[in-house]
Q: 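Let me begin by handing over the structure; questions about it come next.
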Amino acid sequence: RRVVGGVTIITTWHGRRPWGMTVSAFTPVCMDPPTILVCLHSRTVTASNVSKDGRFSVSLLSQSQLDISKLCSQAGEDKYLEAHVVPPEELPARTSMPVLRDSVATFECNASEIRPVGTHLVVIAPIVAILAPASQNPLLYGFGKYMVGVEVGADFRTQEASNVAG
């Protein structure tokens, strides 16, 4: 809870409807081939969908998506996302999973390995498509609350360098 990180939602199809779940364990694994790792509680709809199909998308949320993060983080609640996804006809043909509107970036993935670890599934997945619309500020979470980032300017770096030298 003390680590500050970007807010991430995993999207899948549940039936024929877009479904999402906020996750706290997401990380890039390597660049060649581009691969990510995500952890999903094994008793969730999202884990079931990923286990069955192997396909999912990872959306890195922008500051304008706080409401979507809250919706998708409620345990035991329906997390259908029709009102928040880009219509399929507006997406590139290679994209088959739900894409959240206004995200910083979205990675469409196809799981290559799913491993149970305790209460979770650890999913390793190559990225098969990347959507990165106009640059947006990321939504952050840490210390048990939502946060926004601030740019650390040249004054901070100069002050920090003098503190180290002194």
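Below, each value reflects all heavy atoms present in this structure, side chains not excepted, and no hydrogens, waters or symmetry copies.
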Q: Run through V99, V86, L100 and flag the one making a side-chain contact (heavy atoms from CB on, under 4.5 Å) with L131.
A: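 Going through the options one by one, the only one that passes is V99.
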
Q: Compare every heavy atom of L81 with every heavy atom of I68, then report the nearest pair and how far apart it is.
A: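 Shortest heavy-atom contact: CG2-CD2, 4.4 Å.
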
Q: Measure the OG1-CD1 distance between T35 and I127 for me, rounded to the nearest 0.5 Å.
A: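 Here the interatomic distance stands at 7.0 Å.
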
Q: For the CG atom of N110 and the OG atom of S112, what is their distance to the nearest 0.5 Å?
A: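 That separation rounds to 8.5 Å.
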
Q: Look only at the side chain of T44 and the backbone of A47, and say whether a donor-acceptor pair between them is shorter than 3.5 Å.
A: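 Confirmed, T44 side chain pairs with A47 backbone.
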
Q: Would you kindly confirm whether Y141 and L40 end up in one hydrophobic cluster when ILVMFWY residues are joined by side chain heavy atoms under 4.5 Å apart?
A: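 No, it is not one cluster - the side chains of Y141 and L40 are not joined through contacts under 4.5 Å.
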
Q: Any side-chain heavy atom of T11 sitting closer than 4.5 Å to one from W19?
A: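 No - every pair of side-chain heavy atoms lies 4.5 Å or more apart.
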
Q: Does one hydrophobic cluster hold both V85 and F56, with members joined at side-chain heavy-atom distances below 4.5 Å?
A: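 Hydrophobic grouping puts V85 apart from F56.
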
Q: Looking at V58, is its backbone amide N or carbonyl O close enough to the side chain of E108 to form a donor-acceptor pair, meaning the two atoms are under 3.5 Å apart?
A: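 Not a single qualifying donor-acceptor pair exists.
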
Q: Quick check for you: to the nearest 0.5 Å, what is the distance between S59 atom OG and R101 atom CZ?
A: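 CZ of R101 is found 12.0 Å from OG of S59.
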
Q: Under a plain distance cut-off of 3.5 Å, with no hydrogens placed, do S64 and S62 share a side-chain donor-acceptor pair?
A: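 A pair is found: one side chain offers a donor N or O, the other an acceptor, under 3.5 Å apart.
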
Q: Grab the two heavy atoms, one from R94 and one from A129, that are nearest each other, plus how far apart they are.
A: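 Nearest heavy atoms, R94 then A129: NE-CB, 3.7 Å.
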
Q: What heavy-atom pair brings T22 and S69 nearest, and what distance separates the two atoms?
A: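 Heavy-atom minimum between the residues: OG1-O, 3.0 Å.
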
Q: What is the minimum heavy-atom distance between H84 and D67, and which atoms define it?
A: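 Taking every non-hydrogen atom into account, CE1-OD2, 3.9 Å.
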
Q: Taking C-beta and beyond as the side chain, do H120 and S42 meet within less than 4.5 Å on heavy atoms?
A: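 Not touching, per the 4.5 Å side-chain cut-off.
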
Q: At what distance, to the nearest 0.5 angstrom, does CD of Q136 lie from CG of D102?
A: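 Spacing of CD (Q136) from CG (D102) equals 5.5 Å.
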
Q: Please find the pair of heavy atoms, one from V123 and one from A111, that lie closest to each other, and give the distance.
A: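 Nearest heavy atoms, V123 then A111: CG1-CB, 3.8 Å.
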
Q: Taking all atoms of both residues into account, what is the closest heavy-atom pair of V104 and P138, and its distance?
A: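 Smallest heavy-atom distance, with atoms named: CG2-CA, 3.9 Å.
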
Q: Are F143 and L140 connected into the same hydrophobic cluster when the rule is that any two of I, L, V, M, F, W, Y join if their side-chain heavy atoms are below 4.5 Å apart?
A: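 Same cluster: L140 reaches F143 through Ile, Leu, Val, Met, Phe, Trp or Tyr contacts under 4.5 Å.
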
Q: Can E113 and R115 be counted as an ion pair, charged N to O under 4.0 angstrom?
A: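 Result for this pair is yes, salt bridge flagged.
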
Q: Side chains of I10 and S57: closer than 4.5 Å at any heavy-atom pair?
A: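 Side-chain contact under 4.5 Å: no.
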
Q: CG/L139 to OH/Y146 distance, rounded to the nearest 0.5 angstrom?
A: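 Between atom CG of L139 and atom OH of Y146 there are 6.5 Å.
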
Q: Do any N or O atoms from the side chain of K79 and from the backbone of S73 form a donor-acceptor pair under 3.5 angstrom?
A: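 No; zero donor-acceptor contacts below 3.5 Å.
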
Q: When hydrophobic residues are tied together by side-chain contacts of less than 4.5 Å, even through go-betweens, does M97 share a cluster with V50?
A: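 No, no single cluster joins them.
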
Q: Do the side chain of W13 and the main chain of N49 share a donor and acceptor less than 3.5 angstrom apart?
A: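 No.
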
Q: Between F26 and L37, is any pair of side-chain heavy atoms under 4.5 Å apart?
A: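 No. Closest side-chain heavy atoms not under 4.5 Å.
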
Q: So how far is it from L60 CG to I9 CD1, rounded to the nearest 0.5 Å?
A: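 The CG atom of L60 sits 10.5 Å away from the CD1 atom of I9.
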
Q: May I ask you to check whether T12 and R55 show a side-chain donor-acceptor distance below 3.5 Å?
A: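 No - no donor-acceptor pair under 3.5 Å links their side chains.
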
Q: Starting from V117, can I reach V29 by hopping between I/L/V/M/F/W/Y residues whose side chains sit under 4.5 Å apart?
A: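 Yes, V29 and V117 fall within the same hydrophobic cluster.
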
Q: Is the ring pair H14/Y80 parallel, tilted or perpendicular, if the boundaries are 30 and 60 degrees?
A: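 It falls in the tilted class, 30° to 60°.
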
Q: Evaluate the side-chain proximity of C39 to V23: yes if any heavy-atom separation is below 4.5 Å, no if none is.
A: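 Not touching, per the 4.5 Å side-chain cut-off.
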
